[in-house]
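Letters A, B, ... are given to chains in the order of the sequence lines, protein chains preceding strands, and every chain is numbered from 1.
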2 protein chains.
Amino acid sequence: MKTSIKDIAKSLGISTATVSKALNNKSGVSHEMRIKVLEKAKELGYVVNNLARGMKISKTFTVGVLISDIKNPYFSEVISSMERVLYAKKYNLIICNVGENPSKEREYLELLVSKKVDGIIAAPSAEGQNLSIYRKLIRHGMKITLFDRLVDAIQTDSVVVDNSSATYEAVKYLNKYGHSKIGAIYGIKGSYTGHERLKGFLEAVKDFNVKYHENWVKSGEFKEEKSYKRAIEILNSKDRPTAIIAMNNFMTLGVMRAVKDLNIKVPDEVSIIGFDDAEWMKVCSPAVTTVVQPTDVIGMTAATLLLDAIESDIPSSPHHVVLKTSLLERESVAPPSKN
Amino acid sequence: MKTSIKDIAKSLGISTATVSKALNNKSGVSHEMRIKVLEKAKELGYVVNNLARGMKISKTFTVGVLISDIKNPYFSEVISSMERVLYAKKYNLIICNVGENPSKEREYLELLVSKKVDGIIAAPSAEGQNLSIYRKLIRHGMKITLFDRLVDAIQTDSVVVDNSSATYEAVKYLNKYGHSKIGAIYGIKGSYTGHERLKGFLEAVKDFNVKYHENWVKSGEFKEEKSYKRAIEILNSKDRPTAIIAMNNFMTLGVMRAVKDLNIKVPDEVSIIGFDDAEWMKVCSPAVTTVVQPTDVIGMTAATLLLDAIESDIPSSPHHVVLKTSLLERESVAPPSKN
DNA sequence: TTGTAGGCGTTATCAA
DNA sequence: TTGATAACGCCTACAA
């Protein structure tokens with residue numbers, strides 16, 4: 001536990017330099033000596049001190065992962081996938097769960113640099129208050145990969161999904177089923193994903209001549225409870241839409257709870273398209289047709305991008321990866337009823 | 001980014017000792033000097049190097065959290081709660097997602113000691129192959145708090161839930177509704193939670209004179225797919241039970257999918273009690289009556305226990321906290337039908 | 001092949 | 001109040 005290379009050296013009557021070389025498979029040690037050192041190390045229960053090591057080689061094999069909510073299955077799936085690729089290369093990850101709290105984000109960011117992480121993977125806080133900090137970090141050489149929420153103003157690797165075309169396609173799909181009165185629960189206009197998804201929706205509404213009514217399109221602020229209330233309002237309006245699109249997993253849940261509580265038959269009376277995939281969407285009745293994000297690929301890509309940046313010394317221009325979402329057809333969409 | 005106290009010292013024409021004292025609010029610096037140092041530090045964008053610091057003070061403000069699956073909402077909820085209390089005291093957490101892979105668990109454990117974490121919160125791998133390692137770590141002074149899966153053989157703080165009485169109560173509840181033919185999908189006998197939950201079930205079966213049939217009680221190995229298959233088998237048996245208890249969230253999902261695919265009405269034709277709570281359980285039809293674990297309290301307690309152990313120098317005898325589960329009544333239980 | 005010694009950035013002890 | 005200096009454990013020229 002607290003044995004150092006000094007102890008090994010002393011007990012073997014050799015120098016710490018030799019021990020270090022032996023332990024790190026460097027040249028300059030005889031085979032026999034290396035064996036002896038390795039054995040002694042095991043015997044003494046030696047474990048390298050990565051603080052000292054990191055200080056010397058300026059590398060900690062640690063990366064920070066900054067997200068808004070680890071309870072959100074989207075994030076835990078992405079993290080799980082990141083962990084897989086990072087672990088394969090012996091990197092650890094420090095989780096920074098910042099909610100939507102910019103000052104917590106700031107504190108964590110500073111903590112990460114003080115701990116000398118080799119890089120950061122971040123889904124920056126929605127409103128982008130800390131843009132300048134990210135920029136400063138990058139300028140100072142910190143490797144950063146952004147995901148989920150893209151910040152155009154930051155020149156660095158990023159991974160996002162085709163948010164606007166995702167909702168565009170959702171509208172198109174509903175339209176093909178004959179829907180021309182489509183409502184939506186969107187996130188937050190000021191956030192990247194919120195903005196993009198709403199944009200795609202509105203474009204499609206225009207392109208496909210879908211009726212638009214401001215009472216049908218409301219913000220659920222990415223939250224279940226808000227969405228539940230907004231959905232109730234929409235569904236209770238006199239001339240209600242025949243279909244509703246929810247723009248993330250929590251909001252989808254809110255909408256589904258709303259139709260359940262109002263005792264509205266899905267998809268007979270109203271069709272629903274969700275966003276993100278979650279276990280419950282396949283067991284609930286009806287199973288929810290939804291736009292799914294490839295969380296596994298998102299995590300892998302982000303981690304790989306960061307690793308590449310860390311391990312290559314020549315900084316290349318930023319890679320911007322845009323991944324495709326797909327519409328998973330289940331049971332919550334049908335042609336509108338004829339009344 | 002790469003300014004050190006040396007830079008501050010030099011640019012102010014003073015010694016690093018003074019700078020250090022000023023920065024750390026230690027006595028032995030004049031007020032004026034402290035101000036000057038603080039200003040210069042900000043001007044130069046100084047950030048402490050926690051590797052060097054940790055090396056000196058033997059403290060990293062980092063704890064490792066070792067779990068089997070971060071995608072499991074049980075764990076992500078617990079972690080979220082741990083993060084809250086840890087963050088409040090400026091500790092970071094390193095996530096170790098080990099699946100059910102003992103060698104990965106071993107590697108991560110070693111990584112954690114090499115990174116000099118101040119403590120470890122762990123839900124040890126099910127079969128307990130690495131017991132001796134945990135024991136050795138504790139003997140060497142590492143602070144460890146176990147949760148979810150208790151290992152009696154390890155003398156250290158722990159927090160678990162009253163697993164056996166949880167399933168016992170579930171049977172009792174069903175029995176009160178008139179069920180005397182009750183099936184179960186349990187986890188893995190060799191694991192702590194798997195064992196305990198099955199034990200409580202069997203005890204209740206005996207105490208309440210519930211009919212027992214080995215075809216009704218099968219292992220879902222904590223997995224959805226297995227449980228789905230086992231549930232299908234149970235439900236297709238000629239003399240099937242009138243109620244089924246599933247013993248974790250994934251297995252509950254498997255059972256619910258099974259009844260859905262077999263087109264069996266719940267709770268009219270068969271009653272179901274799940275384990276753990278998840279979003280989907282409240283939206284699916286019927287909403288699932290389930291045994292819920294207080295994930296929030298579990299995480300808080302484990303983190304607090306660890307923090308206490310870290311921050312007190314006199315080692316006290318281990319605290320074993322057992323938290324209560326509760327049965328959340330929703331819609332999936334009714335009296336058995338009369339055929 | 002092996003060893004010596006300096007330094008990574010801090011903090012802490014002891015003098016000045 | 002301030003400063004010089006020795007660690008913490010490791011790696012790495014460079015010298016032997």
Using heavy atoms to find the nearest nucleotide of DNA chain D for B:A52 and B:S15 separately, return the residue whose nucleotide is more 5′. B:S15
Contact list please: residues 22-42 of chain B against DNA chain D, heavy atoms, distance less than 4.0 Å, in numerical order. B:G28, B:V29, B:S30, B:M33
Checking A:K104 against B:Y87: charged group under 6.0 Å from the ring centre and within 45 degrees of the axis? yes
Using a 6.0 Å distance limit plus a 45 degree cone around the ring axis, check whether A:K42 lies over the aromatic ring of A:Y46. no
What residues form a side chain to side chain contact (heavy atoms under 4.5 Å, CB included) with A:E110, not counting sequence neighbours? B:V47
With a non-hydrogen cut-off below 4.0 angstrom, is [X] in contact with a base, only sugar-phosphate, or nothing?
| X | answer |
| --- | --- |
| A:K6 | sugar-phosphate |
| B:S4 | sugar-phosphate |
| B:I5 | base |
| A:L51 | nothing |

Are A:R53 and D:dG9 close enough that a side-chain N or O sits under 4.0 Å from OP1 or OP2? no
For [X] versus [Y], what's the shortest heavy-atom pair and its separation?
| X | Y | answer |
| --- | --- | --- |
| A:L51 | B:M55 | CD1-N, 3.8 Å |
| A:I14 | A:V37 | CD1-CG2, 3.9 Å |
| B:E105 | B:V98 | CA-CG1, 3.7 Å |

Want to settle it: does B:M55 or B:K21 sit nearer the 5' end of DNA chain C, counting the closest nucleotide to each? B:M55
Heavy-atom donor-acceptor pair, B:K56 side-chain to C:dA12 base, under 3.5 Å: no
